[in-house]
Amino acid sequence: MSIPADTPADSPVDGLAQNLARVEERIHSACLRAGRSRDSLRLMAVSKHQPPELLKEAVRLGLRLFGESRVQETMARHEVFPASAEVHLIGHLQRNKARDAARLYQAVQSLDAVRTVEALSARLHEEGRQISAFLEVNTSGEEAKAGVRSYDELLQVALAVEASSSLTLQGLMTIAPYTSREESLRRAFSRLRNDRDRLEGELGRSLPELSMGMSGDLEWAILEGSTIVRVGTALFGSRLP
Ligand SMILES: *Cc1c(COP(=O)(O)O)cnc(C)c1O
């Protein structure tokens with residue numbers, strides 16, 4: 001029996017179905033442990049820097065929520081995402097990319113500055129579009145990471161989003177510290193949840209989404225209340241730099 005040369009058994013495309021099954025298993029056992037139902041959270045496939053053929057396979061396997069990190073990268077291949085997919089920007093948004101972002105995404109998860117919120121809002125208004133907004137919080141204290149650093153800063157950015165008729169604030173997003181220590185990870189995730197609860201009280205309405213948990217730490221995030229886990233390498237393998 002011969003194996004066609006263009007479909008090696010260990011190609012990334014074949015691995016994706018297996019990886020997805022493994023990630024779903026991890027999500028299911030974390031949900032069980034947390035006493036949550038699987039449909040209380042969504043799996044986001046972090047497609048940044050992955051080749052378009054892998055993204056097509058992800059769509060074929062039923063994935064419909066994607067996380068992209070660069071506006072230019074999304075622009076170059078946005079046709080691989082079907083109309084039924086939701087694509088979120090999870091990487092830093094530069095103000096000079098606000099117009100393209102306003103056309104490409106159903107949500108921006110990485111908002112952390114009033115000026116960026118205002119630029120995005122103005123471009124959305126011009127495009128006649130309304131999208132979802134998440135605010136990014138730096139829960140790790142790591143200098144290199146984006147996100148607001150204090151609750152006061154969070155409130156200022158939240159009020160800018162609330163003032164926009166083109167953005168609907170859905171919740172918060174964070175990247176946990178780079179560690180495998182349970183205590184540090186859970187502290188970061190519970191801080192995000194506490195910030196969300198406090199902000200809900202202040203704004204007087206509910207903010208349903210907590211976008212937290214990645215390939216290495218999604219179990220802890222689910223235990224702390226995550227509603228979106230953003231998974232890249234555990235699904236697709238390592239990325240091109
Ligand atoms: C790259 C990235 C992820 C995915 O990270 P993995 O460890 O590959 O799962 C999630 N969230 C953000 C904001 C990212 O930039």
Side-chain angles (χ1 to χ4, degrees), residues 12 15-16 18-27 30 41-51 54-55 57-58 61 63-74 77 81 85-94 97 101 104-113 116 132-149 154 157 170-182 184-185 188-189 191-192 195-196 209-222 224-241:
L16 182 56
Q18 282 174 15
N19 291 347
L20 176 59
R22 251 181 243 126
V23 167
E24 275 298 340
E25 239 173 69
R26 287 175 61 191
I27 293 174
L41 71 126
R42 291 189 287 165
L43 168 62
M44 165 181 279
V46 174
S47 44
K48 66 179 185 197
H49 315 341
Q50 298 294 349
L54 260 185
L55 307 193
E57 179 63 8
L61 290 169
L63 291 163
R64 286 296 180 276
L65 177 60
F66 294 92
E68 288 269 288
S69 68
R70 287 194 204 136
V71 174
Q72 266 159 323
E73 191 173 57
T74 313
R77 63 191 195 179
F81 300 111
E86 237 186 89
V87 185
H88 294 194
L89 180 66
I90 59 173
H92 180 69
L93 175 61
Q94 291 168 280
K97 298 287 187 325
L104 289 169
Y105 302 107
Q106 279 72 42
V108 176
Q109 291 205 359
S110 48
L111 295 169
D112 65 358
T116 313
S132 296
F134 293 59
L135 307 184
E136 182 171 357
V137 179
N138 181 328
T139 53
S140 66
E142 288 170 21
E143 277 303 315
K145 288 203 168 87
V148 299
R149 278 148 205 279
L154 177 64
V157 187
Q170 297 288 354
L172 306 182
M173 183 271 263
T174 198
I175 301 176
Y178 188 69
T179 176
S180 56
R181 286 184 57 229
E182 172 181 356
S184 315
L185 292 168
F189 295 140
R191 173 174 166 199
L192 195 74
D195 279 353
R196 188 275 306 270
E209 300 278 14
L210 286 174
S211 174
M212 57 191 198
M214 312 191 346
S215 293
D217 55 25
L218 63 89
E219 283 85 356
W220 303 127
I222 290 171
E224 295 294 345
S226 172
T227 62
I228 297 179
V229 289
R230 307 180 309 270
V231 180
T233 45
L235 282 176
F236 297 112
S238 55
R239 300 175 273 274
L240 299 170

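If you're wondering where the values come from, they're calculated on a predicted model, not measured in any experiment. Throughout, numbering of the chain's residues begins at 1 and tracks the sequence. Whatever order the structure lists ligands and atoms in, that order sets their numbers, starting from 1.
The CZ atom of R22 sits 14.0 Å away from atom CD1 of I27, with the distance rounded to the nearest 0.5 Å. For the atom pair CZ (R230) and CD (Q109), the distance works out to 6.0 Å, reported to the nearest 0.5 Å.
For E219, the side-chain contact (heavy atoms from CB on, under 4.5 Å) test picks out R26, A30, with sequence neighbours left out. Residues passing the ring-ring contact (aromatic ring centres under 6.0 Å, His included) test with F66, sequence neighbours excluded: F81. For A113, the side-chain contact (heavy atoms from CB on, under 4.5 Å) partners at least two apart in sequence or on another chain are T116.
Counting heavy atoms from C-beta outward, L185 and E182 have side chains that stay 4.5 Å or more apart.
Pocket lining of ligand 1, defined as residues with a non-hydrogen atom under 4.0 Å away: V46, K48, I90, I175, M214, S215, R230, V231, G232, T233, R239.
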